[in-house]
Amino acid sequence: MKYEEVSTARAWREVDLGAVAHNAAWLQGRMGPECRLMAVVKADAYGHGAGPVARYLEEQGVKAFAVACLSEGISLRRQGVEGLILILGYTPPEEAAELARWGLTQCVADEAHGRALSAAGVPLEVHLALDTGMHRLGIPAEDHGAIARTRALTNLKFTGTFSHLCVSDSARPEDLAFTQVQLDRFYGAVARMAAAGLDPGAVHIQASYGILNLPHQPCAWARAGIALYGVYSREEDRPNSDALRPALSLRTRVAALRTVPAGEGAGYGLAFRARGDTKLAVVTVGYADGLPRMLAQAGGEVLIRGVRCPMAGRMCMDQLLVDVTGVPQTDPGDVVTLIGRDGGAEIRAEEVAARCGTITNELLSRLGNRLPIQYCP
Ligand SMILES: *Cc1c(COP(=O)(O)O)cnc(C)c1O
């Protein structure tokens with residue numbers, strides 16, 4: 001999306017690519033010397049725009065990317081991404097020819113998926129998923145028989161082996177112990193493969209919280225998603241130091257202003273009730289842009305002229321009311337910040353997610369395509 005289109009948009013995202021590069025370098029510094037960053041750009045790079053983010057990171061030297069599905073992988077190739085693209089999720093075997101055509105590396109979700117991909121009769125590059133305890137995708141790491149049978153399938157070139165940690169974001173003793181169980185199962189399976197003459201290829205197990213919370217791992221890749229965008233999943237995970245820099249800001253505009261007298265209601269359900277004479281700004285963003293509808297009645301705030309102002313009443317599909325009584329100089333056309341900085345004030349994605357009882361991963365990945373993205377270097 002070009003600057004001109006953004007500058008006249010009713011609501012838009014701003015993505016600071018320099019912040020993404022900073023986060024990539026910071027995460028790379030936390031990994032073992034042999035380990036390289038695999039940038040997870042699924043779900044349109046968590047709402048940051050997968051193509052531009054991946055292309056930019058590729059210019060910065062990042063060599064591997066991960067997506068959720070075939071269409072996301074094809075989209076990256078169409079936008080000129082040349083590095084390794086790993087599809088983390090299931091792809092139907094009927095799509096094997098597309099995988100090969102676009103040079104995508106497919107995850108083998110289990111033995112049956114491996115058989116079906118093999119039977120498609122198209123040579124494919126794949127990474128073997130191992131289930132070490134999350135019980136989502138992967139062959140059970142202890143099942144060496146199934147691993148060996150899958151590795152023997154024709155048409156599949158195994159260039160990597162990976163697993164996923166499910167409690168690496170937690171410091172509870174039982175979770176730390178379970179993460180160690182997952183690591184032991186993973187490296188145990190990798191060692192058994194190697195001992196059986198099956199090259200495990202590039203191994204990887206950490207996602208963002210695995211990079212943040214674990215010591216160096218003897219892996220080829222580490223898959224960073226949310227942290228790459230400078231954001232923690234939860235507010236309580238944010239350290240005092242600002243090692244990571246949030247890349248995304250979400251902004252909209254004031255469309256109109258009106259003053260309602262004390263006692264008057266406003267919006268659907270008249271859910272807002274003015275305590276005193278109240279100046280309301282109508283701003284041009286709503287739940288159809290991907291914001292959680294509940295935010296407006298969960299204490300949601302915006303920044304106008306560097307001042308926090310409360311949302312008022314129920315969020316609409318395309319609009320939102322804000323109480324600007326405290327900022328009487330507000331004018332139509334003023335920029336309104338929902339996530340990001342304005343002057344000395346800041347609203348973090350972690351804060352918004354917490355109000356809505358969710359994690360930033362969900363909040364950001366739902367930001368809709370009605371919000372053009374302006375990139376700044
Ligand atoms: C989404 C995903 C990641 C990235 O997770 P973050 O917590 O956002 O870093 C890594 N690996 C797998 C398998 C995933 O599904």
Side-chain angles (χ1 to χ4, degrees), residues 19-20 23-24 26-28 30-31 35-48 50 53-54 57 62 64-70 72-73 76 84-91 104-110 113 126-139 141 160-171 175 179 182-183 185-186 202-214 217 219-238 243-248 349-350 353 358-367:
V20 176
N23 299 330
W26 188 83
L27 289 163
Q28 182 64 62
R30 291 192 67 94
M31 297 172 196
C35 188
R36 304 286 310 195
L37 173 77
M38 179 184 283
V40 180
V41 294
K42 62 189 178 186
D44 206 21
Y46 296 46
H48 294 64
V53 166
L57 286 172
V62 172
F65 303 89
V67 296
C69 59
L70 176 64
E72 291 182 343
L76 285 189
L84 169 70
I85 299 178
L86 173 64
I87 299 177
L88 295 168
Y90 174 84
T91 299
L104 303 170
T105 302
Q106 173 58 44
C107 126
V108 174
D110 61 12
H113 189 219
V126 297
H127 281 198
L128 183 67
L130 295 180
D131 179 8
T132 53
M134 179 157 177
H135 305 320
R136 190 173 65 176
L137 294 185
I139 296 176
T161 304
F162 75 104
S163 189
H164 197 43
L165 301 171
C166 48
V167 285
S168 62
D169 60 335
S170 166
D175 292 331
T179 296
Q182 286 196 275
L183 293 171
R185 287 176 180 160
F186 182 63
V203 302
H204 45 108
I205 189 163
Q206 294 156 287
S208 291
Y209 277 82
I211 300 168
L212 293 169
N213 294 338
L214 294 178
Q217 296 297 306
C219 286
W221 301 110
R223 310 179 302 265
I226 194 69
L228 187 57
Y229 307 106
V231 174
Y232 294 83
S233 291
R234 297 171 307 216
E235 175 73 17
E236 59 266 34
D237 300 333
R238 265 181 64 201
L244 295 174
R245 290 193 205 145
L248 181 138
E350 290 93 339
T358 186
I359 55 174
T360 54
N361 312 48
E362 180 183 9
L363 176 77
L364 295 173
S365 66
R366 280 173 177 263
L367 291 180

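Everything numeric here is computed off the predicted structure, so don't read it as measured data. Both backbone and side-chain heavy atoms feed into the values below; hydrogens, waters and symmetry mates do not. When a ligand or atom number is given, it counts from 1 through the structure's own listing order.
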Can you tell me the protein heavy atom closest to [atom] and the distance?
atom: atom 9 (O) of ligand 1; result: S208 OG, 2.5 Å
atom: atom 11 (N) of ligand 1; result: R223 NE, 2.8 Å
atom: atom 4 (C) of ligand 1; result: Y46 OH, 3.4 Å
atom: atom 1 (C) of ligand 1; result: K42 NZ, 1.4 Å

Heavy-atom side-chain proximity of [X] to [Y] below 4.5 angstrom:
X: V231; Y: Y46; answer: no
X: V40; Y: L228; answer: no
X: C107; Y: L137; answer: yes
X: R136; Y: D131; answer: no

Does the N or O separation between [X] and ligand 1 drop below 3.5 Å for any pair?
X: G225; result: yes
X: Y209; result: no
X: I226; result: yes

May I ask you to list the atoms of ligand 1 that are less than 4.0 angstrom from any heavy atom of [X]?
X: H164; value: 10 (C), 11 (N), 12 (C), 13 (C), 14 (C)
X: R136; value: 13 (C), 15 (O)
X: N361; value: 8 (O)

_Which label fits Y232 and Y209: parallel for a plane angle under 30°, tilted from 30 to 60°, or perpendicular past 60°?_
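Y232 vs Y209 ring planes: perpendicular.
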*If every non-hydrogen atom of C35 is compared with every non-hydrogen atom of Q28, which pair is closest and at what distance?*
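It is O-NE2, 2.7 Å.
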*From CD1 (I205) to NE2 (H164), nearest 0.5 Å*: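 Going from the CD1 atom of I205 to the NE2 atom of H164 covers 9.5 Å.
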